[in-house]
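Beneath this line is the structure, given in C-alpha cells, with notes to follow.
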There are 2 protein chains.
Amino acid sequence: MGFQETFRALSDPIRREILMMLRGKKMSAGEIASKFEVTGATVSYHLSLLKKADLVLETRQKNFIYYELNASVLEEIMLWLSQFGGKNDET
Amino acid sequence: MGFQETFRALSDPIRREILMMLRGKKMSAGEIASKFEVTGATVSYHLSLLKKADLVLETRQKNFIYYELNASVLEEIMLWLSQFGGKNDET
DNA sequence: ATGCTGTTTAGACAAACATCTAATTACACC
DNA sequence: GGTGTAATTAGATGTTTGTCTAAACAGCAT
C-alpha cells in the first residue's frame with residue numbers, strides 16, 4: 001500500500017508491459033517470462049514488486065503460479081490524479 | 001516525455017507534495033523549499049526532475065523562479081490508466 | 001564593480017534498483 | 001524416495017537515486 005510503491009512499480013517498462021498483458025487473462029510466471037528477453041529470475045523479481053504493490057494477485061495451481069491483474073489500486077491512483085484539474089473542469 | 005520519467009517523478013513523496021502545493025497557485029523555489037525539512041539544494045533537485053518530466057513549468061521574475069503545475073501530462077497518465085478497466089465497465 | 005539574495009550545479013556518498021548466475025524450494029508423477 | 005519441471009531466493013555487481021555540503025551563477029541595488 002502507498003503511492004510510493006505503486007508509482008515506483010509503474011515506473012518500469014517491463015512491469016507496465018506485464019500489467020498490459022494481464023488485461024483480461026491470467027498468465028503463469030513462465031508464460032509471462034517468455035515474452036521478455038531478460039531471465040526468468042528477473043521477471044520473477046518484477047512480479048514480486050507488482051505483488052508487493054498490490055497490482056497483481058497470484059493463485060497457485062498444479063506447480064504453476066498464475067498472475068492476474070488487480071485494477072483496484074490503479075483506480076485509487078486515478079482518483080488521486082483527478083485532484084489535478086481532472087480534465088476540463090473550469091472551461 | 002515518456003511514462004518512465006513521469007511515474008518515476010510521481011514515486012517520491014516530496015515531489016508529490018510539491019505538485020499538490022502547486023494546485024492553484026504559483027510558488028517560488030524558496031517558498032516551496034521552506035515547506036520541507038531537506039535542504040534547498042535537495043528541493044532544487046526534485047524540482048529539476050519534475051521539470052524534466054514536464055510536470056511543472058518555470059517562469060523567472062526578478063531573481064525569483066516561479067513554478068507552476070502542468071497538468072497535461074497527468075491527464076495522459078490518467079488516459080493510460082483508463083485502459084485497465086477504468087471503473088466498473090463490465091457490471 | 002561589490003555585495004546581497006535566491007537558486008542551481010558539482011562532487012561525494014550511502015541506499016535502493018535491475019540484472020545475472022547459481023542454488024533452492026514446491027509440486028506432481030513415476 | 002527419486003526425477004523433472006516451474007518458479008523463487010540468494011549472492012554478486014554495476015547503475016541510479018536522494019541527500020548533503022560547498023561552490024557557482026543570476027539578478028538587482030547600491
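Side chains included, hydrogens not; waters and symmetry mates left out as well; all remaining heavy atoms used. So you know, we letter chains A, B, ... as the sequences are listed, proteins then strands, and number each from 1.
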**Request:** Taking only the side-chain nitrogens and oxygens of Thr42(A), find out if one of them lies under 4.0 Å from OP1 or OP2 of dC20(C).
**Result:** yes
**Whole angstrom value for the distance that separates P of dG6(C) from OH of Tyr66(B)** = 11 Å
**Complete:** Note: for Asn63(A) and Asp12(B) on DNA chain D, the residue whose nearest nucleotide lies more 5' is Asn63(A)
**Prompt:** Are Val43(A) and Phe64(A) connected in the hydrophobic side-chain network, where two residues link if heavy atoms are under 4.5 Å apart?
**Reply:** no
**Request:** Report the residue (Ser11(B) or Ala41(A)) whose heavy-atom-nearest nucleotide on DNA chain D is the more 5′ of the two.
**Result:** Ala41(A)
**Asked** Are Leu19(B) and Leu10(B) side-chain neighbours, meaning at least one heavy-atom pair lies under 4.5 Å?
**Response** yes
**Item:** Separation of atom CD1 in Ile65(B) from atom P in dT5(C), rounded to whole Å
**Value:** 17 Å
**Request:** Take Lys51(A) and Tyr67(A) through the test side-chain contact (heavy atoms from CB on, under 4.5 Å) and record every step on the way to the result.
**Result:** CA-CA 9 Å; Lys51(A) 194 169 35 174; Tyr67(A) 286 90; 4.2 Å; yes
**Prompt:** Roughly, in whole Å, what's the span from CG in Leu50(A) to P in dA18(C)?
**Reply:** 11 Å
**Message:** If I take atom CE in residue Met27(B) and atom C1' in nucleotide dT7(C), what distance separates them, rounded to the nearest angstrom?
**Reply:** 15 Å
**Prompt:** Which whole-number value in Å describes the distance from Leu47(B) CG to dT7(C) C1'?
**Reply:** 10 Å
**Arg8(A) side chain near dC17(C) phosphate (N/O to OP1/OP2, under 4.0 Å)** = yes
**Request:** Remember a base hit wins even if backbone is also touched, and classify Phe36(A) as base, sugar-phosphate or nothing at under 4.0 Å, heavy atoms.
**Result:** nothing
**Request:** Measure from CD1 on Ile14(A) to C1' on dC20(C) and round the result to the nearest Å.
**Result:** 13 Å
**Request:** Answer with base, sugar-phosphate or nothing: what part of the nucleic acid does Phe64(B) contact at a heavy-atom distance below 4.0 Å?
**Result:** sugar-phosphate
**Item:** Sugar-phosphate only, base, or nothing, as touched by Ser48(A) at under 4.0 Å among non-hydrogen atoms
**Value:** nothing
**Net bend of the helix from dA1(C)-dT30(D) to dC30(C)-dG1(D), end axes of five pairs each, nearest 10 degrees** = 10°
**Full working for side-chain contact (heavy atoms from CB on, under 4.5 Å) between Met20(B) and Arg23(B)** = CA-CA 5 Å; Met20(B) 289 195 284; Arg23(B) 285 173 312 185; 4.2 Å; yes
**Prompt:** So Arg15(A) and Leu55(A), side-chain contact (heavy atoms from CB on, under 4.5 Å) or not? Walk me through it.
**Reply:** CA-CA 10 Å; Arg15(A) 293 194 289 265; Leu55(A) 286 165; over 6 Å; no
**Message:** Please verify the inter-ring angle class for Trp80(A) with Phe84(A); under 30° counts as parallel, over 60° as perpendicular, anything in between as tilted.
**Reply:** perpendicular
**Asked** Should Tyr67(B) be listed as having a side-chain N or O under 4.0 Å from OP1 or OP2 of dT8(C)?
**Response** yes
**Asked** Can you tell me how far C1' of dA16(C) sits from CG of Leu49(A), to the nearest Å?
**Response** 11 Å
**Item:** ILVMFWY network linking Val38(A) to Met21(A), side-chain heavy atoms under 4.5 angstrom
**Value:** yes
**Terminal contacting nucleotides, 5' and 3', DNA chain D versus chain A (heavy atom, 4.0 Å)** = dT5(D) to dG18(D)
**Asked** After noting the C-alpha distance and the side-chain angles of Lys26(B) and Thr59(B), does the key distance pass the side-chain contact (heavy atoms from CB on, under 4.5 Å) rule?
**Response** CA-CA 9 Å; Lys26(B) 294 186 189 181; Thr59(B) 56; 4.1 Å; yes
**Prompt:** So, does Asn70(B) use its side chain to make a donor-acceptor pair with the main chain of Asp54(B) at under 3.5 Å?
**Reply:** yes
**Message:** With a 4.5 Å cut-off on side-chain heavy-atom distances among I, L, V, M, F, W and Y, is there a chain of contacts connecting Tyr45(B) to Ile18(B)?
**Reply:** no
**Asked** How long is the line joining CD of Gln61(A) and P of dA26(C), in whole Å?
**Response** 19 Å
